[in-house]
Protein chains: 2
Amino acid sequence: MTPDRPYHHGNLRQAVLEQATPVVRDRGASELSLRELAAAVGVSHAAVRRHFPDRRQLHDALAVEGFALLGTRLRDAVDAAPDYRAQIHSLARAYLDFVTSEANLAELMFAHKHGEGGEAVSAAAEAAFAPMLLVFERGLADELEDTSPQRTALIFFATLQGLAGLVNCGMITADQLGGLIEEAVAQFPQGRVGR
Amino acid sequence: MTPDRPYHHGNLRQAVLEQATPVVRDRGASELSLRELAAAVGVSHAAVRRHFPDRRQLHDALAVEGFALLGTRLRDAVDAAPDYRAQIHSLARAYLDFVTSEANLAELMFAHKHGEGGEAVSAAAEAAFAPMLLVFERGLADELEDTSPQRTALIFFATLQGLAGLVNCGMITADQLGGLIEEAVAQFPQGRVGR
DNA sequence: ACCTGAACACCGTTCAAGT
DNA sequence: ACCTGAACACCGTTCAAGT
């Protein structure tokens, strides 16, 4: 209805994000250029700076999107598994699949220093990991051990994150990952719960 | 003996590295500028480009230095502990101390994609982790389990790396780290060895 | 072999001015 | 409120020329 190129773009913020998404996925966050994005959506470079005053704010917005995507993946992983044990396996596979297939996006998501004015990012991250925490809370509810579900979830997550880092920096291949996941998961709380 | 500023610097490569070290430690690898470093050592920007044709080569050289430092820390940690169990604890603390106190350097070291022309970096990394691998090989030598020391060492390392990432991106504080290390280490092979 | 200086294309950032 | 265009300081990169 409106002319092909009205003075006001109307949805510039969203357009920039959509333009940025494939760039960060294929070329990495460091290759993001506000000027290049502006040119790509056909607007002056100063215009996009109104929505994203600097690169950090753009990174934050992309990180929030990334965590939203990760959250749905983890939730689906939990829903698809019948019991606690299977859910842990399912979570591990889903998480590593995300982090390795979207390596550049994941790097952007975790490179960000939380708590430096990026409350939105922190909140998005917390929401994304909620399904994982929930699994451990349910699975370890009948435990009287001195360990808390939060701590177990944190270590579980750290292990996955570490394995993902190893494959992303080339120290191990994606092939080896499956076996390592099995072995890593085997060390986890079920050892205590089941015994 | 030579004049104060001879035409040939004589040790330009080393001088640039020494100039770069505090920059990456205090401000991060992304703040490294070949031009700024050249100005700091008092040489034209094109001169340093003869030793480091691009930023990546400078990063590689700094990563090699970083892995050398990490290697000595890990070796010292092993030497200072009496037995297998204590060595694992000592390694975990030493590694996390390094990665959190030298967060920017560690980020540079692991951001690098191994095997993309950076064989020197890969070799330095392998040498740095040799002490860790050795501990598991000795500690698990009498094991007949289906797990290999390499795999255990890899998962152990991944867990540490993951925990370091959590503190560096602000998801947990350095205070919580001690307890998490204890709990994480407790899950490791001694559970199998000791039983 | 090693270094200089000028040039090029790019970037983020700022700002007065337009609609 | 949103966008433009010019300007500034910085960057990596290339290259002919100097010692």
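In what follows, every chain begins at residue 1, and chains take the letters A, B, ... in the order their sequences are listed.
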- Message: On DNA chain C, compare the nucleotides closest to A:Asp54 and B:Arg35; which residue's is nearer the 5' end?
- Response: B:Arg35
Measuring from atom [atom1] of [X] to atom [atom2] of [Y], what distance do you get when rounded to the nearest 0.5 angstrom?
{"X": "A:Leu108", "Y": "A:Asp60", "atom1": "CG", "atom2": "CG", "result": "8.5 Å"}
{"X": "A:Thr159", "Y": "A:Leu180", "atom1": "OG1", "atom2": "CG", "result": "11.5 Å"}
{"X": "B:Phe157", "Y": "A:Leu166", "atom1": "CZ", "atom2": "CG", "result": "5.5 Å"}
{"X": "A:Gln57", "Y": "A:His51", "atom1": "CD", "atom2": "NE2", "result": "12.5 Å"}

- Item | Base C:dG12 paired with A:Arg55 side chain (donor-acceptor, <3.5 Å) | no
- Task: Check if the side chain of B:Arg49 and the base of D:dG12 share a donor-acceptor pair of N or O atoms closer than 3.5 Å.
- Result: no
- Query: Any side-chain hydrogen bond (donor to acceptor under 3.5 Å, both in side chains) pairs touching residues 92-109 of chain B, not counting sequence neighbours?
  - Reply: B:Tyr95-B:Gln161
- Message: Listing request: all side-chain hydrogen bond (donor to acceptor under 3.5 Å, both in side chains) pairs with a residue in residues 26-39 of chain A, at least two apart in sequence or in separate chains.
- Response: A:Arg27-A:Glu36
I want to verify a distance call: between [options], whose nearest atom is closest to the [X] side chain?
{"X": "B:His45", "options": "D:dT14, D:dT4, D:dA7", "answer": "D:dT14"}
{"X": "B:Leu34", "options": "C:dC3, D:dC3, D:dG12", "answer": "D:dG12"}
{"X": "A:Ala46", "options": "C:dC15, C:dC3, D:dC3", "answer": "C:dC15"}

- Message: Could you spell out the base pairing of DNA chain D as a dot-bracket line? Use Watson-Crick and G-U wobble contacts where both distances are under 3.5 Å, [ ] for crossing pairs, | for partners on a different strand.
- Response: ||.|||||...|||||.||
- Query: Looking at A:Leu105 and A:Leu62, what are the two nearest heavy atoms and their distance?
  - Reply: CD1-O, 4.1 Å
- Task: Name the nucleic acid region contacted by B:Leu58, choosing base, sugar-phosphate or nothing; use a 4.0 angstrom heavy-atom cut-off, strictly under.
- Result: nothing
- Message: Applying a 4.0 Å non-hydrogen cut-off, can you work out what A:Ser33 is touching in the nucleic acid: base, sugar-phosphate, or nothing?
- Response: sugar-phosphate
What is the distance, to the nearest angstrom, from the [atom1] atom on [X] to the [atom2] atom on [N]?
{"X": "B:Asn11", "N": "C:dC3", "atom1": "CG", "atom2": "C1'", "result": "16 Å"}
{"X": "A:Glu31", "N": "C:dG12", "atom1": "CD", "atom2": "C1'", "result": "15 Å"}
{"X": "A:Arg27", "N": "C:dC10", "atom1": "CZ", "atom2": "C1'", "result": "13 Å"}
{"X": "A:Leu37", "N": "D:dC3", "atom1": "CG", "atom2": "P", "result": "15 Å"}
{"X": "B:Glu36", "N": "D:dA9", "atom1": "CD", "atom2": "C1'", "result": "13 Å"}
{"X": "B:Arg50", "N": "D:dT14", "atom1": "CZ", "atom2": "C1'", "result": "12 Å"}

- Query: Quick one: is A:His51 getting a side-chain N or O under 4.0 Å of the D:dC2 phosphate, OP1 or OP2?
  - Reply: no
